[in-house]
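Here the structure comes first, spelled out in structure tokens, and everything after it is commentary.
Values below: every heavy atom of this structure, side chains too, minus hydrogens, waters and symmetry copies. Since the structure is predicted, the reported quantities are computational estimates derived from the model, not experimental observations.
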Protein chains: 2
Amino acid sequence: MRKRFTRPTQVIHKGQAVSGAYLVTDGQLRVFTYTPQGSEATLYFIRPGETCVLALNCLFNDLRYPVWIESDADTAVDIIPGPLYRRLFECESAVQDLTVKALSTLVFRLMDELEQIHTCNLDQRLANFLLSNASAQGVLQMTQQELAGHLGTTREVVARLMQGFVAQGLVSTRRGAVTVVDTVGLARVVNPSDCIF
Amino acid sequence: MRKRFTRPTQVIHKGQAVSGAYLVTDGQLRVFTYTPQGSEATLYFIRPGETCVLALNCLFNDLRYPVWIESDADTAVDIIPGPLYRRLFECESAVQDLTVKALSTLVFRLMDELEQIHTCNLDQRLANFLLSNASAQGVLQMTQQELAGHLGTTREVVARLMQGFVAQGLVSTRRGAVTVVDTVGLARVVNPSDCIF
DNA sequence: GCTGTTGTGTAGCATTTGCTACAGATAGAA
DNA sequence: TTCTATCTGTAGCAAATGCTACACAACAGC
């Protein structure tokens with residue numbers, strides 16, 4: 001079964017039961033939590049070709065969904081019903097591989113994220129986020145509010161850091177987007193003691 | 001093959017190639033990274049019956065080990081060589097299940113950790129750590145330095161928070177150990193806006 | 001007992017981050 | 001155009017955390 005979201009949509013909310021395996025074919029899903037103050041913190045993205053590992057988790061362990069998921073605009077998702085997926089997993093080695101690979105990838109992403117939080121301060125994490133998520137032309141279509149959500153901080157802080165980057169000539173900002181100007185310079189912000197493994 | 005560590009030992013260091021699947025049968029392993037300042041930050045523990053998922057990851061994806069691992073005193077580990085494990089995974093559904101379960105569990109732990117970092121401040125995380133890791137009698141045999149490592153902070157901060165807890169009559173401290181006195185009170189520190197899911 | 005090592009308590013300051021508040025800028029709708 | 005909603009820039013203060021420095025306490029070995 002395929003679902004298509006034309007605009008940002010809440011796909012799953014915390015506590016909900018999981019209906020099946022989600023396979024993103026287009027666009028992206030965002031997995032996030034809320035802070036007590038109500039601001040969002042992105043845990044990770046699910047991109048085309050990837051599946052929602054948490055949904056798999058919940059399927060295999062009969063758990064309720066532990067976080068929120070929201071779709072980008074223009075996102076398509078294939079949904080494989082839970083029981084079917086479990087049957088497939090038992091006999092299809094391709095499905096097994098896919099499952100394990102997906103889980104592995106996520107584990108690495110989460111550990112990377114954790115390590116970053118422990119070892120980098122916000123400007124490094126922001127720089128890293130910009131570098132990782134900007135298009136080939138260096139453009140990132142995202143408001144500062146959204147950026148703040150991805151980093152688990154607030155808009156003002158992002159604005160402050162952004163101004164710092166602008167002052168150093170590393171990026172340029174405009175309403176709803178950031179452009180990376182000096183990739184190498186930004187990388188130096190992230191890097192001084194190598195916080196990406 | 002079984003290995004036994006009678007004293008805290010560096011089992012794997014970052015960048016090392018992985019030789020096989022590690023199955024903890026006794027004691028525990030600690031997976032951690034270093035901050036630029038040289039202090040440690042624990043990512044998670046591997047307890048008896050569990051396997052080192054990162055090692056699995058590395059096996060399946062031919063990666064080098066991304067973090068450090070250290071054993072507790074008195075820890076026993078079964079090591080299944082990589083190629084053998086991969087063969088087993090292909091034909092034994094029990095091994096498949098074990099693998100997926102192990103990965104799933106870790107994903108949840110990491111997400112929990114991430115969520116905690118985003119939503120709780122240090123005193124809540126410390127309180128939570130004490131509650132989760134104290135023995136049935138409420139005793140936790142650990143120096144403040146080690147506690148700091150587990151939370152990714154420094155000894156002084158732990159000492160400060162600890163004093164707060166002592167002042168509130170929640171715990172008592174002595175050299176190399178902490179005793180939880182008022183479990184309910186500590187839980188209230190963690191809880192006010194429910195940061196454990 | 002003495003001595004060295006390790007762990008703990010405490011203080012003070014620097015830095016980072018969060019929060020409040022408001023002004024100006026930009027884009028879209030009417 | 002004007003109005004409105006949203007986004008951004010900025011300032012200033014509060015709180016949390018990190019870092020340095022030192023005194024004292026507990027334990028181990030001699």
Side-chain angles (χ1 to χ4, degrees), chain A residues 7-8 34-41 73 116-127 129-130 139-168 170-179 189-190 192-193 195, chain B residues 7-8 34-41 73 116-130 139-168 171-179 189-190 192-193 195:
Chain A
R7 50 175 54 250
Y34 283 106
T35 63
Q37 291 75 34
S39 57
E40 303 178 353
Q116 275 198 33
I117 290 176
H118 277 149
T119 60
C120 304
N121 36 22
L122 265 183
D123 51 350
Q124 296 176 303
R125 298 211 293 129
L126 176 58
F129 188 90
L130 293 178
V139 179
L140 181 57
Q141 210 80 28
M142 210 177 262
T143 66
Q144 299 188 345
Q145 182 67 68
E146 292 173 303
L147 279 170
H150 296 317
L151 298 173
T153 180
T154 57
R155 187 192 65 75
E156 300 83 347
V157 175
V158 171
R160 190 155 53 205
L161 296 174
M162 234 23 140
Q163 277 327 92
F165 290 165
V166 170
Q168 294 171 68
L170 302 175
V171 306
S172 69
T173 63
R174 65 177 179 286
R175 190 187 172 87
V178 194
T179 306
V189 172
V190 179
S193 58
C195 89
Chain B
R7 51 176 52 249
Y34 282 107
T35 65
Q37 291 75 36
S39 57
E40 302 180 354
Q116 274 198 34
I117 290 177
H118 277 149
T119 61
C120 305
N121 35 22
L122 264 182
D123 51 351
Q124 296 175 302
R125 299 210 292 129
L126 175 59
N128 187 38
F129 188 90
L130 293 178
V139 179
L140 180 58
Q141 210 80 28
M142 210 176 263
T143 66
Q144 299 189 345
Q145 182 68 68
E146 292 173 303
L147 278 171
H150 295 317
L151 298 173
T153 181
T154 57
R155 187 192 65 75
E156 299 82 350
V157 175
V158 170
R160 189 154 55 202
L161 296 174
M162 234 23 142
Q163 277 326 92
F165 290 164
V166 170
Q168 293 171 68
V171 306
S172 69
T173 63
R174 65 178 180 283
R175 189 187 173 87
V178 194
T179 306
V189 171
V190 180
S193 57
C195 90

So do L126(B) and F165(B) actually touch side chain to side chain, heavy atoms under 4.5 Å? yes
Could you go over nucleotides 26-30 of chain D and give all protein N or O partners under 3.5 Å, atom names and distances?
unit_1, atom_1, unit_2, atom_2, d
dA26(D), N3, R175(B), NH1, 3.3

Measure the CD-CD distance between Q144(B) and E156(B) for me, rounded to the nearest 0.5 Å. 9.5 Å
Step by step, would you call E146(A) with L151(A) a side-chain contact (heavy atoms from CB on, under 4.5 Å)? CA-CA 9 Å; E146(A) 292 173 303; L151(A) 298 173; over 6 Å; no
A side-chain contact here means heavy atoms from C-beta on lying under 4.5 Å apart; do M142(B) and V178(B) qualify? no
When every nucleotide of nucleotides 11-16 of chain D is labelled 5' to 3' by its protein contacts under 4.0 Å (heavy atoms), B for base, S for sugar-phosphate only, - for none, what sequence of letters results? -B----
How close or far is atom C1' of dG18(C) from atom CD1 of I117(B), stated in whole angstroms? 17 Å
Contact between L147(B) and M162(B) at the side-chain level, heavy atoms closer than 4.5 Å - yes or no? yes
Spacing of R174(A) atom CZ relative to dA27(C) atom C1', expressed in whole Å: 13 Å
Five pairs per end, C1' atoms only: what is the angle between the end axes of the helix from dG1(C)-dC30(D) to dA30(C)-dT1(D), to 10 degrees? 30°
Is any side-chain N or O of T153(B) closer than 4.0 Å to OP1 or OP2 of dG18(D)? yes
Going by atom types alone, do T143(A) and R155(A) pair a side-chain donor with an acceptor below 3.5 Å? no
Grab the CD-P distance between Q141(A) and dA27(C) for me, whole Å please. 12 Å
M162(B) CE to dT17(D) P, straight-line distance once rounded to whole Å: 15 Å
Out of dT8(D), dG18(C), dG18(D), which nucleotide sits closest to the side chain of V157(B)? dG18(D)
Would you say T154(A) and Q145(A) make side-chain contact, with heavy atoms under 4.5 Å? no
For the pair made of CD in Q144(B) and C1' in dA25(D), what is the distance, rounded to whole Å? 13 Å
Roughly how far apart are L161(B) CG and L130(B) CG, rounded to 0.5 Å? 10.0 Å
If you measure only the distance, is there a donor-acceptor pair under 3.5 Å linking the side chains of R125(A) and T153(A)? no
Answer with yes or no whether R155(B) presents, from its side chain, a donor or acceptor under 3.5 Å of a partner atom in the base of dG9(C). yes
Using atom CG of D123(A) as one end and atom C1' of dT16(C) as the other, report the distance to the nearest whole Å. 10 Å
Validation row: T179(A), V171(A) side chains within 4.5 angstrom (heavy atoms): no
With respect to the phosphate group of dT8(D), does any side-chain polar atom (N or O) of T173(A) fall under 4.0 Å of OP1 or OP2? no
Does Q145(A) put a side-chain nitrogen or oxygen below 4.0 Å from OP1 or OP2 of dC7(D)? no
Closest non-hydrogen atom pair, V189(A) against Q124(A): O-CG, 3.4 Å
Calculate the interatomic distance between L126(B) atom CG and dG18(D) atom P; express it in whole Å. 12 Å
Roughly how far, to the nearest 0.5 Å, is CD1 of I117(B) from CG of L122(B)? 9.5 Å
